[in-house]
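Taking it in order: structure first as structure tokens, then the write-up.
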There are 2 protein chains.
Amino acid sequence: MGRTSHVREKLLEVAFQMIWDHSYGGVSVDQICARADVNKGSFYHYFGSKAELVVAAYEEHWNQRRPELDRLFSAQVPPLERLTKWCESTYERQKEKARKYGHVCGCPYGSIGGEIATQDDRIRAKAEELIARGMKYVETAIAEAQRDRSLPSGDAKRLAEQVYSYVLGAMLRARIENDVEVLRNLAPTVMAIIGARNPAVATA
Amino acid sequence: MGRTSHVREKLLEVAFQMIWDHSYGGVSVDQICARADVNKGSFYHYFGSKAELVVAAYEEHWNQRRPELDRLFSAQVPPLERLTKWCESTYERQKEKARKYGHVCGCPYGSIGGEIATQDDRIRAKAEELIARGMKYVETAIAEAQRDRSLPSGDAKRLAEQVYSYVLGAMLRARIENDVEVLRNLAPTVMAIIGARNPAVATA
DNA sequence: AAATTATTTGACCGACCGGTCAAGCTCATC
DNA sequence: GATGAGCTTGACCGGTCGGTCAAATAATTT
């Protein structure tokens, strides 16, 4: 096939989905290989270890996810509306995932990060990095809203961290409670955190 | 020794600490037994499985933690002050844990819940239950603050869920980023979420 | 003190873990 | 069409996993 074998890509995709669905420790290399229809020897031709595969898989997932985030946080959209749309898309995305997999999966970066934070520093650092990239979108939107006076001035970076903490926590709760409805109305709380005067109006 | 052998209690304590420090999948029954200085056969005399031990260990941890929560949320303390003190104690507790274990450990219930939510329903349900118990303290404080007009009226249960989501998310971030400072100023954001007029004053 | 029960011991189990490897196959290049 | 690099194959490795068990021992009841 092509220069970059589809085998490698298949492993990245399958590994990410299986680990998101279950957990890092709960998914074995054998299972990943079986699902990807790849021999174990091939696996270790492309990746030096399970951890290395996982780091690559999460980076790859980010790359596939990025266009959607760029669209949601497009400069074409008023900054506060970016945030509400992001909240809504989070809910919708989790709802579809839950329908397809039979249970709520939560934030993939948060889940794997929390699981192996104290055990594998490369995976920990990758999770931290991906979360920071997501926070950057939120920070930029907040800073812009402050500049155009739709928000009172404040430390946009700190506010973005708080917003992201809230959303991460809600995703974790949704996973643990296996209830996607936990994520149904994230936006008003996000607005309260960043100090928007009238949460209800911000969506309009 | 006593009727309830200290062996059982030692296993509960050791298992909880090791799993909080690492993860469910990252700690083996053999390791727990070694650390508790107990033979594997004894382990399976007291507990039917690793999962059963863990459920009991988390319940036991709650029981040990409860007096401290009762104290923090004592009716003797004004309701909003309960929340700020709870935030501060969360920070202090994590800081000490981090000092002792060499890294930030985050919320034990959130960590194990997120890890095995989709793999073992008994552990998942226990994590959900313990989180719900914690939320109840927050809900009660919010409801009381609303009653005595230090907060505008609102759905105390929903607000408590939002507060708890935020704190859970911050604990998760602190674990992933291995930085306890993430948890340093939880209270102002909590105040913003529940609609306290002047976050800065609420501590006084 | 005999009988019964609770607890401890450590060897043992098959399954599975992450990872290795030598041998073959495929295919572009010369 | 020979060469050699890239890729695939599947058997194989030692170690560890959660869990079992029969026999020994300690504690309790009769």
Side-chain angles (χ1 to χ4, degrees), chain A residues 1-19 21-58 60 112 115-116 118-124 126, chain B residues 1-58 60 112 115-124 126:
Chain A
M1 306 294 164
R3 266 190 328 206
T4 320
S5 170
H6 82 288
V7 167
R8 198 185 129 92
E9 285 158 33
K10 188 82 191 266
L11 284 169
L12 293 173
E13 163 72 11
V14 165
F16 178 84
Q17 294 295 338
M18 289 182 81
I19 290 171
D21 191 15
H22 300 93
S23 68
Y24 180 78
V27 172
S28 71
V29 174
D30 283 319
Q31 288 172 323
I32 293 169
C33 289
R35 185 81 75 97
D37 208 26
V38 165
N39 281 303
K40 213 175 185 176
S42 279
F43 179 103
Y44 283 99
H45 172 72
Y46 289 102
F47 303 101
S49 67
K50 183 186 179 185
E52 187 181 316
L53 171 266
V54 166
V55 168
Y58 275 67
E60 171 64 17
I112 199 173
E115 180 185 352
I116 42 66
T118 65
Q119 295 169 77
D120 184 305
D121 199 61
R122 276 154 38 201
I123 298 178
R124 197 219 98 253
K126 176 54 71 176
Chain B
M1 308 293 166
R3 265 191 329 204
T4 320
S5 169
H6 81 289
V7 167
R8 196 185 129 92
E9 284 157 35
K10 188 85 191 264
L11 284 169
L12 293 172
E13 163 71 11
V14 165
F16 178 85
Q17 294 295 338
M18 289 181 82
I19 291 170
W20 188 8
D21 191 15
H22 300 93
S23 68
Y24 180 79
V27 172
S28 71
V29 173
D30 284 321
Q31 288 172 324
I32 293 169
C33 289
R35 185 82 75 95
D37 208 26
V38 165
N39 281 302
K40 212 176 186 177
S42 279
F43 179 104
Y44 283 100
H45 172 73
Y46 288 102
F47 303 100
S49 67
K50 184 185 179 186
E52 186 181 316
L53 171 267
V54 167
V55 168
Y58 275 66
E60 172 65 16
I112 199 172
E115 179 186 352
I116 44 66
T118 65
Q119 294 169 79
D120 185 305
D121 199 60
R122 276 153 37 199
I123 298 178
R124 198 219 97 251
K126 177 55 70 177

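Just so it is clear: chains get the letters A, B, ... in the order the sequence lines come, proteins before strands, and each one is counted from 1.
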Restricting to pairs with a member in residues 32-43 of chain B, which pass salt bridge (Lys or Arg N to Asp or Glu O under 4.0 Å), not counting sequence neighbours?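 Every pair satisfying salt bridge (Lys or Arg N to Asp or Glu O under 4.0 Å) with a residue in residues 32-43 of chain B: B:D30-B:K40.
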
Kindly state each residue pair satisfying salt bridge (Lys or Arg N to Asp or Glu O under 4.0 Å) with at least one member in residues 41-58 of chain B, sequence neighbours excluded.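 Residue pairs passing salt bridge (Lys or Arg N to Asp or Glu O under 4.0 Å), neighbours aside: none found.
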
Quick one: does A:E60's side chain have a donor or acceptor within less than 3.5 Å of a partner on A:E9's backbone?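 Such a contact is absent between A:E60 side chain and A:E9 backbone.
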
Contact under 4.0 Å: B:Y46 side-chain N or O vs C:dT8 OP1/OP2: yes

Think A:Y44 has a side-chain N or O under 4.0 angstrom from the OP1 or OP2 of C:dT20?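 Answer is no, no contact under 4.0 Å.
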
Contacts to DNA chain D from residues 22-42 of chain B, heavy-atom cutoff under 4.0 Å, which residues? B:V27, B:S28, B:V29, B:D30, B:K40, B:G41

Can you tell me how far P of D:dA27 sits from NE2 of B:H6, to the nearest Å?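 Distance, rounded to whole Å: 12 Å.
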
Rounding to an integer number of Å, can you tell me how far A:H45 NE2 sits from D:dC7 P? 4 Å

[X]: side chain to side chain donor-acceptor pair (under 3.5 Å) partners, not counting sequence neighbours:
X      : answer
A:K126 : A:E59, A:E129
B:S23  : A:Q119
B:D21  : B:H103

List for me each residue that meets side chain to side chain contact (heavy atoms under 4.5 Å, CB included) alongside A:N39, sequence neighbours excluded, and say none if there are none.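 Testing A:N39 for side chain to side chain contact (heavy atoms under 4.5 Å, CB included), a comparison that skips the adjacent residues, returns none.
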
Show me the donor-acceptor pairs, under 3.5 Å and distance only, between side chains in residues 13-20 of chain B and residues at least two apart or in other chains.
residue	atom	partner	partner atom	Å
B:Q17	OE1	B:K97	NZ	3.1
B:Q17	OE1	B:Y101	OH	2.9
B:W20	NE1	B:G106	O	2.7

Mind listing the N/O atom pairs, protein and nucleotides 22-25 of chain C, below 3.5 Å?
none

